[in-house]
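Please read all numbers here as calculations on a predicted model, not as lab measurements. Computed from heavy atoms alone, side chains included, the values below leave out hydrogens, waters and symmetry copies.
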Amino acid sequence: MSSQKWPEQGCAFLQLLLLMSFSQSTETVCTQRGDPENPQLSKEGDILLGGIFSFHSSWINRENSYKQNPPPLECTSLNFREFQFAQTMLFAIEEINNSTELLPGITLGYKVYDTCGSIARSVKVALNLASGSDTESVMSDTESVISKDACSKPAQVQAIMGETSSSPSSAIATVIGPFSIPLISHFSTCACLSDKTKYPSFLRTIPSDYFQSRALAQLVKHFGWTWVGAIRTNDDYGNNGMATFTETAQQLGICLEYSVPFFRTDPPDKIQKIIDLIKASTSKVIVAFLSHMDMDVLIKELSNHNISGYQWVGSESWIFDSQIAAVDQTHILDGAIGLSIPKAHVSGLQEFMLDVTPLNSSNNDLFKEFWGAMFSCEFKRLSSATEIQGECTGREDVAGVKNSFTDMSLMPIFNNIYKGVYAVSHALHMILRCNKTCNTDVQLQPLEILKYIKKIRFKTKEGDEVYFNEHGDPAAKYEIINWQPRKTGIVDFVKVGLYDASLPADKQLNLQDESLIWGKNSLQVPVSVCSDKCPPGTRKVLQKGKPVCCYDCIRCPEGEISNSTDSITCVKCPEESWPNEGRDACLEKDSVFLSYEEIMGALLTAASLFGTCLTAIVAFIFFRHRKTPLVRANNSELSFLLLFSLILCFLCSLTFIGRPSEWTCKLRHTAFAITFVLCISCVLGKTIVVLMAFKARLPGGNMMKWFGPIQQRLSVLGLTLIQVIICVLWLTISPPFPFKNFQELRDKIILECALGSDLGFWAGLGYIGLLAILCFISAFLARKLPDNFNEAKFITFSMLIFCAVWLTFIPAYVSSPGKFSVAVEIFAILASSFGLLICIFFPKCYVILLKPEKNTKKYMMGKGSSK
């Protein structure tokens, strides 16, 4: 506990010492280091507003000796633009003072400082405005002594208008933020200033660069420029704006060939490097995120080096600046496109602007310098004027001069200052509870004013709505401006579109492309790409070591397509499709199967029908001569059954031709298997009959009674039934089915019948082979039996053909692709069928039709041999 009391006792002791030291002093004073700063323009009023502008854009650099205080800044390069901004602020204040509706009975005053473009000076004058230390001070040798009233009284101004640029605004907002004094800028667009944790009292009447940078990226993307260069002002405005542009550009597929910082005070060697970089680049579009002062210097340098032929995309700082257009004598910027603040008009401002009485009454030295620069003359007491053409009288006509001060093209920015002053006035109007009069007893506090400014929402006399979002920013709306030169050489800033960030993403950018004019009065949109677009049928392959916008176009591999421009991948066609010649679309593959229309199918069909007809003719001949010895001797019943089965064999080959379907796939293999078994069973039966008949003629032979007609029918039926059972099991367990073969041919679909069960197919085929071998053996054994017409010799020969055909069928079937395997199977069926038909029945038909004398029982028994 005691250890915690020591700090409290120490603080009490320190307070006592401070009280004793102040009691010994006769008067309390404040001291300020450095030279005092006095406002360049000022006017007393009930409520004061501050203004910070750069009436001069530069100063003379001097070397410090560090032995004495550095002298005050000596400002140079009078900036008429900033005088216009100050005049606009004064105009708004005068208009409010003359109004009976806004702040009635209250007079607004002002204190306006010149910063000479120095950030350090901007901070110093901001502190002067915050503390009121510019009054009641007495100079000593080393410091300014300020009376005690000035130390303790509240801030002299209730709000500050300015600065024009983002970097000084950032510095000022950082310093006065703790005091909660509102700082309202008309042209500081850096997105960083929207951070209310760093800049709590900063507001602005111009949109944040966050929206402008994104809009510029969308504008570049709109015209298909994917390969661009970028130059930015080397300050908060340029660096932050370009950072957002780069991020958005990457998301949109835009690549930056280079991005370089530039500042108007850069040494010549650094500027030369930038120029060399532009000359060596391949991109034809330059995005310039530059302040108007930097752009002014850069254009002069580019003109000296004759750099032209580039398409410029500009930020709002310079794109609608007539002074930049006047500097561009070599028309480098013709056809430039960019974003600008929407056009505006403030009635009465132009007349007030040209009345410089406030300048003359406030600061005589500043007025004389301004007047001398305006008319290139010199007052008798002003020794610093240059290019003297005569003596100033003070009665020269300002309206008759054409220069940047009389140019009203920056009216949108003037309107921003105008809205800022009115925003403060509306907030004061609410705080003071003004009606016909205002409550002057209210103690104004900067924090309260700041809160009310954030809440205001009103319309100016021109109808512009004024309000601030949670970041202290207004709504983001831009006009898209195109530089279109006239024949006289004067550039027109033509509105060609709008950008509204409050709309949906796909509707934010609205361009009138037909009204655009590019460099050299061309109507053709410039092209700026690292690589030409890859056409459909190709894909992009990145070039090693280069950005993603630099690539080669590679043709899609076989079987793949790309149907869009700049495709990064090729897509495989579906299995039933195949790429066209250009590989940009998938075409349906041709279906391949053995059809009746093609030559091979037609020939096989003709052969099948010919075999059927031929078999039918043989059957008809046998039927007509069924009672002759030859027909009766060769087992007419089995002969007719064999002919019937041959007809079925010929016909079943037709099921293999045509588009495969579920029923044809099941029918073709099972019909083939069963009909051939029926056929071979009949042949086997006929062979066995010949053997049995011979055995029966031997002494003691009684074999025919065991192989009579009934046994023959049953044997054929039994042998066939076995094949039927095999086929039924095949169809039940895993039947054949139509199948699309995509693997055999890349660009065609082979329609075929899958076997379903390989075992079922080969079992049926093997059973046929087994019967054929048995038949061959039986016929071979019976070939030399004594008979004038021994049928076994012909059966033997037919079985030789049958076995030869089917033995060669197996390797041919396995190795033949697609429809040719079907043709091989049909050929095997027809060949073996023709072999049986010709070998077994043609000799009999020959005898029946051409040798009837041999068709006798006597001859058949071997008793009527010819003499």
Any side-chain heavy-atom pair of [X] and [Y] under 4.5 Å:
{"X": "I231", "Y": "I278", "result": "yes"}
{"X": "F55", "Y": "C116", "result": "no"}
{"X": "E396", "Y": "M374", "result": "no"}
{"X": "M161", "Y": "V421", "result": "yes"}
{"X": "L90", "Y": "F85", "result": "no"}
{"X": "I275", "Y": "E301", "result": "yes"}
{"X": "V491", "Y": "R486", "result": "no"}
{"X": "F320", "Y": "P412", "result": "yes"}

What's the separation between atom [atom1] in [X] and atom [atom2] in [Y], rounded to the nearest 0.5 Å?
{"X": "F245", "Y": "Y210", "atom1": "CZ", "atom2": "OH", "result": "14.5 Å"}
{"X": "R264", "Y": "M293", "atom1": "CZ", "atom2": "CE", "result": "4.0 Å"}
{"X": "T107", "Y": "I96", "atom1": "OG1", "atom2": "CD1", "result": "11.5 Å"}
{"X": "L302", "Y": "S308", "atom1": "CG", "atom2": "OG", "result": "10.0 Å"}
{"X": "L219", "Y": "I337", "atom1": "CG", "atom2": "CD1", "result": "4.5 Å"}
{"X": "F289", "Y": "M242", "atom1": "CZ", "atom2": "CE", "result": "6.5 Å"}

Determine whether the side chains of [X] and [Y] contain a donor N or O and an acceptor N or O closer than 3.5 Å.
{"X": "S317", "Y": "S291", "value": "no"}
{"X": "S54", "Y": "N79", "value": "no"}
{"X": "H186", "Y": "T164", "value": "yes"}
{"X": "T233", "Y": "D294", "value": "yes"}
{"X": "E462", "Y": "S347", "value": "yes"}
{"X": "E369", "Y": "H56", "value": "yes"}
{"X": "S188", "Y": "S169", "value": "yes"}
{"X": "Y237", "Y": "S315", "value": "yes"}
{"X": "D321", "Y": "Q323", "value": "no"}
{"X": "E101", "Y": "H429", "value": "no"}
{"X": "D209", "Y": "Q212", "value": "yes"}
{"X": "T244", "Y": "R214", "value": "no"}

- Answer yes or no: are there more than 12 heavy-atom neighbours, outside K454 itself, under 6.0 Å from its atom NZ? yes

- Item | Whether over 12 other heavy atoms sit under 6.0 Å from F80 CZ | yes

- Is there a side-chain contact (heavy atoms from CB on, under 4.5 Å) between I319 and L339 once you walk through the steps? CA-CA 7 Å; I319 196 66; L339 304 178; 5.7 Å; no

- Message: Show, in sequence, the C-alpha distance, side-chain angles and deciding distance for L277 and V260, and conclude whether the side-chain contact (heavy atoms from CB on, under 4.5 Å) test is met.
- Response: CA-CA 9 Å; L277 181 63; V260 291; 3.3 Å; yes

Between [Y] and [X], is there a salt bridge with N-O shorter than 4.0 Å?
{"X": "E465", "Y": "K419", "result": "no"}
{"X": "R204", "Y": "D473", "result": "yes"}
{"X": "D269", "Y": "K273", "result": "no"}
{"X": "K461", "Y": "E95", "result": "yes"}

Is a donor on one side and an acceptor on the other found under 3.5 Å between the side chain of [X] and the backbone of [Y]?
{"X": "N403", "Y": "T406", "result": "yes"}
{"X": "T115", "Y": "S122", "result": "no"}
{"X": "S515", "Y": "Q512", "result": "yes"}
{"X": "S201", "Y": "I181", "result": "yes"}
{"X": "D464", "Y": "T460", "result": "no"}

- Query: Between F414 and Y418, does a ring-ring contact (aromatic ring centres under 6.0 Å, His included) hold up when you go through it step by step?
  - Reply: CA-CA 6 Å; F414 304 157; Y418 181 83; over 10 Å; no

- Query: Using 30° and 60° as the class limits, which term best fits the ring planes of Y499 and Y478: parallel, tilted or perpendicular?
  - Reply: tilted

- Can you label the angle between the F202 ring and the Y199 ring as parallel, tilted or perpendicular, going by 30° and 60°? perpendicular

- Message: Please identify which of these residues, F53, W371, F367, F370, meets the ring-ring contact (aromatic ring centres under 6.0 Å, His included) condition with F83.
- Response: F370

- Query: Nearest heavy-atom pair of L216 and G314: which atoms, and what distance?
  - Reply: CD2-O, 3.5 Å

- Note on the structure: Here the pair of heavy atoms bringing G335 nearest to N482 is O-ND2, 3.3 Å

- Message: Using the side-chain hydrogen bond (donor to acceptor under 3.5 Å, both in side chains) criterion, which residues pair with Q84? Sequence neighbours excluded.
- Response: none

- Message: Quick one, V494 with I481, criterion side-chain contact (heavy atoms from CB on, under 4.5 Å). Give me CA distance, side-chain angles, the key distance, then yes/no.
- Response: CA-CA 5 Å; V494 180; I481 299 297; over 6 Å; no

